[in-house]
Amino acid sequence: MDVLYFAWVRERIGLPKEKVTTEAATVADLVAELRAREDRYDLAFSDLSALRVAVDQELTDFDASIKGAREVAFFPPMTGG
Amino acid sequence: MDVLYFAWVRERIGLPKEKVTTEAATVADLVAELRAREDRYDLAFSDLSALRVAVDQELTDFDASIKGAREVAFFPPMTGG
Amino acid sequence: MRIVVQEAPFDFGAEAETFASGRHDMGAIVTFTGVVRDFGNGTLDAMEIEHYPGMTQKALEAIAEEARTRWSLGDVLVIHRYGRMEPSEKIMMVATAAPHRKDAFEAAEYLMDYLKSRAPFWKKEHATTGETNWVAAKDEDEDALSRW
Amino acid sequence: MRIVVQEAPFDFGAEAETFASGRHDMGAIVTFTGVVRDFGNGTLDAMEIEHYPGMTQKALEAIAEEARTRWSLGDVLVIHRYGRMEPSEKIMMVATAAPHRKDAFEAAEYLMDYLKSRAPFWKKEHATTGETNWVAAKDEDEDALSRW
């Protein structure tokens, strides 16, 4: 699946988008896998309360299933308007 | 003083403005004098709850003094906007 | 602050653009525009608006000044027409500029609530049949003032 | 209903005029415009707005559709820019048309509250010193959603 990062999450991880092959069942499982990779991921995901997630471009929460998902995006709380 | 009428009050009384010489102390006293004049005045002032009054171009109520006033205006509730 | 009472049409787009432009410290601009409605059935020929010339400008200024004391506003604009207007013509507009959106919205709603019931304008409908009707003030418009 | 996400500036006055014109059955038009603020001290060089291209349009459409189910609206317009903007540039606008002013105002405020916290935009401030800062979401913006 595609994993996307926006705003300071993108800056901390150092890239906007990457392909990830995973057996993770939920967003939280995927986050655990990513954190185990490298410090920059561990740092970016250290405080989940400061993050939001969208699965297939719909806002959801970290308990959500990602089975069959094509795209998971992580970003800080939005500041539109 | 000048007495002004607007909207349907103007139409019922049949004129927009007139000079009135009065010793009336309050708006209510002035209304009583006007009602005594002719049926068209009596009709226009028959329901004071449907009327508003301004003394010298400031909204006020029927108990207000008109001593020294230059202009008293009668009209229905406003419908601006 | 600019308060205009006039018979002529006003250019809403140009007024809105001018009001919203060149502001470095106001993050939020709200406009409200009132339009003559024909009730969707085409039976309204025109709306005629009468006003109290000596009092109107002062009443609008007092309402706008009160809004400026209640909210943090950078600017206020009120334009209100009188005379005869056809359906789809713009009757009036207000605009507010504020650092934050809550102030801009609340002040615009306050201005509208007071304009509706405390500015000396009266609307008369002219139907296509030739009948005329003075628009009655609505209880809900009077009630709207109680929230401020 | 028109939802536009673009990098280029938009013509607020022309958009407002077009939106408000030719309406026979909508008595109330409200617009909100968001402007880049320099906090009054001239220390902001630019605001940079990042967005989530695949999601933004859909998210804005969903917010606008929800507004149309909650209020009696004739039309809704949302224009939101992304990219780099300098102080006094217009970031976005919403407009609502309704038979009555209460619907037009409430729907515009609802759109703004949801745009602030549920549309995938992120603001980064570029100071004249060269420092940058991602604008933090405000608790009060999140709290604003609870009234709807």
Side-chain angles (χ1 to χ4, degrees), chain B residues 1-20 22 26-28 30-31 34 39-81, chain C residues 3 5 32-37 47-64 66 78-82 85 90-94 108-125 132-145:
Chain B
M1 70 180 66
D2 288 325
V3 178
L4 284 70
Y5 310 108
F6 292 99
W8 58 254
V9 184
R10 172 178 55 71
E11 291 178 339
R12 284 200 197 161
I13 291 178
L15 77 178
K17 185 175 178 177
E18 61 186 321
K19 294 266 179 205
V20 173
T22 178
T26 67
V27 174
L30 174 62
V31 167
L34 292 168
D39 277 357
R40 60 196 167 107
Y41 288 93
D42 193 39
L43 182 67
F45 288 105
S46 61
D47 178 10
L48 290 191
S49 74
L51 290 181
R52 299 291 179 268
V53 61
V55 173
D56 288 338
Q57 305 179 353
E58 291 277 351
L59 282 174
T60 186
D61 53 48
F62 288 82
D63 297 331
S65 168
I66 55 169
K67 285 293 175 196
R70 285 164 288 110
E71 190 169 302
V72 177
F74 296 100
F75 40 78
M78 291 150 278
T79 54
Chain C
I3 311 290
V5 182
F32 177 92
T33 315
V35 176
V36 179
R37 294 172 65 204
M47 181 79 85
E48 183 187 344
I49 300 184
E50 181 170 334
H51 79 124
Y52 182 171
M55 180 176 167
T56 312
Q57 182 87 17
K58 282 193 284 188
L60 294 178
E61 282 170 7
I63 292 167
E66 179 64 21
V78 178
I79 302 175
H80 205 304
R81 295 176 62 195
Y82 56 88
M85 288 158 238
K90 297 173 192 81
I91 303 168
M92 51 72 63
M93 72 176 287
V94 303
E109 289 180 76
Y110 173 92
L111 289 170
M112 286 310 305
D113 285 350
Y114 272 82
L115 270 165
K116 277 272 169 192
S117 305
R118 293 290 181 274
F121 293 100
W122 299 274
K123 293 196 180 99
K124 188 181 198 175
E125 295 164 349
T132 64
N133 173 52
W134 287 101
V135 175
K138 291 181 197 141
D139 287 345
E140 68 195 66
D141 285 331
E142 191 64 29
D143 295 346
L145 299 183

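Quick note on labels: first sequence line is chain A, next is B, and so on, each numbered from 1.
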Do B:R10 and C:W122 have side-chain heavy atoms sitting under 4.5 Å apart? no

4.5 Å side-chain heavy-atom contact, C:E50 and B:F75: no

All heavy atoms of C:P53 vs all of B:F6, minimum pair found to be CD-CE2, 4.4 Å

[atom2] on [Y] to [atom1] on [X], rounded to 0.5 Å:
X: B:T79; Y: C:M47; atom1: OG1; atom2: CE; value: 8.0 Å
X: B:M78; Y: C:D141; atom1: CE; atom2: CG; value: 12.0 Å
X: C:W134; Y: B:W8; atom1: CH2; atom2: CH2; value: 11.0 Å

How about [X]: does its [atom1] atom have over 12 heavy atoms from other parts shown lying under 6.0 Å from it?
X: B:D47; atom1: CG; result: yes
X: C:E66; atom1: CD; result: yes
X: B:K67; atom1: NZ; result: yes

Using non-hydrogen atoms and a 4.5 Å limit, figure out which bit of C:K123 sits close to chain B: side chain, backbone, both or neither. both

Given that the side chain runs from C-beta out, which part of C:A136 has a heavy atom under 4.5 Å from chain B: side chain, backbone, both or neither? backbone

Using a 4.5 Å heavy-atom cutoff, which residues in residues 111-119 of chain C come close to chain B? C:M112, C:L115, C:K116, C:S117, C:R118, C:A119

